[in-house]
Amino acid sequence: MTIERTERPKIVGHDSPTKPYPYYAKTQVISGFGRGSSDLGIPTANIPKSASQPFLDAMSSYEGETGIYYGWVAVYPSSTTPEAVKQAAQDSAVSCDRVVEYNYGHKLVEGEDKGVVFPMVMSVGWNPFYGNKQRSAEIHIIHKYKETFYGADIRFVVLGYIRPELDYVSVEALIEDINFDIGVALNSLARPEYAKYKNDDFFK
Ligand code: RBF
Ligand code: MG
């Protein structure tokens with residue numbers, strides 16, 4: 001028996017963001033499992049619990065406990081100490097012993113990606129496909145960065161909700177849905193009342 005998935009909408013949300021959006025956050029990029037890059041070919045910037053928990057609290061009476069969201073994002077060279085970033089990473093939901101090089105965003109390039117605002121899709125939840133034991137929050141930035149930026153500062157504004165987190169029969173099915181999410185985010189952000197947040201003072 002085959003189960004046909006119902007067709008997904010290509011654009012989501014109202015003509016302009018409504019409560020609880022826009023949701024603004026400033027935090028740091030920490031390391032995750034590395035699966036986004038290696039398994040999926042869709043790298044994600046993981047954010048610490050100190051930022052994801054307040055986000056989920058703000059969403060709790062509007063959206064589900066977990067889900068996929070869209071908005072705008074920019075990364076900047078770190079303004080905090082390496083110790084503060086390490087502490088945030090240690091306190092965060094995702095813990096793994098993979099060793100990554102933290103460059104604190106010092107390889108970001110002026111006029112190319114340093115502080116440049118890009119569209120994003122964000123996943124907050126338990127990654128049911130992978131059966132994670134801890135909740136994680138991660139942002140896929142719709143841009144090809146040349147270098148990693150673990151430890152960098154990251155600012156994002158969430159403007160809407162796409163769908164709940166799902167389990168999948170295969171990694172291909174998960175990748176297909178994430179790629180569809182990217183299209184939904186781009187279509188949804190192209191509307192004038194969403195596009196204008198790209199130039200928000202928050203990113204300057
Ligand atoms: N993981 C899931 O298990 N179920 C999902 O529905 C799901 N949706 C995602 C949507 C987006 C836009 C992104 C960026 C990630 C999503 N993930 C999902 C998380 C994915 O499993 C994760 O990025 C990798 O495991 C790397 O940590
Ligand atoms: Mg990641």
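All ligand and atom numbering here is 1-based and tracks the order in the structure.
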Is the Lys NZ or Arg CZ of Arg155 less than 6.0 Å from the centre of Tyr76's six-membered ring, within 45° of the axis?
yes
In Å, rounded to the nearest 0.5 Å, how long is the span from [atom1] of [X] to [atom2] of [Y]?
X      : Y      : atom1 : atom2 : answer
Tyr145 : Glu112 : OH    : CD    : 10.5 Å
Trp72  : Ile142 : CH2   : CD1   : 8.5 Å
Arg163 : Glu63  : CZ    : CD    : 13.5 Å
Ile30  : Glu138 : CD1   : CD    : 10.5 Å
Lys144 : Asp113 : NZ    : CG    : 14.0 Å

Sum of protein N, O or S atoms, each under 2.8 Å from the Mg ion (ligand 2):
3
I need the contact residues for ligand 1: any residue with a non-hydrogen atom closer than 4.0 Å to the ligand, ordered by chain then number.
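Within the 4.0 Å shell of ligand 1, which is judged on heavy atoms, sit Arg35, Gly36, Leu40, Thr44, Ile68, Val121, Ser123, Asn127, Pro128, Phe129, Tyr130, Glu138, His140, Arg163, Glu165, Leu166, Tyr168, Leu174, Ile178, Asp181.
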Is Thr148 reaching over with its side chain to a backbone N or O of Tyr150, donor-acceptor style, under 3.5 angstrom?
no
With Tyr23, the ring-ring contact (aromatic ring centres under 6.0 Å, His included) member among Tyr62, Tyr197, Phe55
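Of Tyr62, Tyr197, Phe55, ring-ring contact (aromatic ring centres under 6.0 Å, His included) with Tyr23 is met by Phe55 alone.
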For His14, look at atom NE2 and say whether over 12 heavy atoms of other residues, nucleotides or ligands are found less than 6.0 Å away.
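12 or below, so no.
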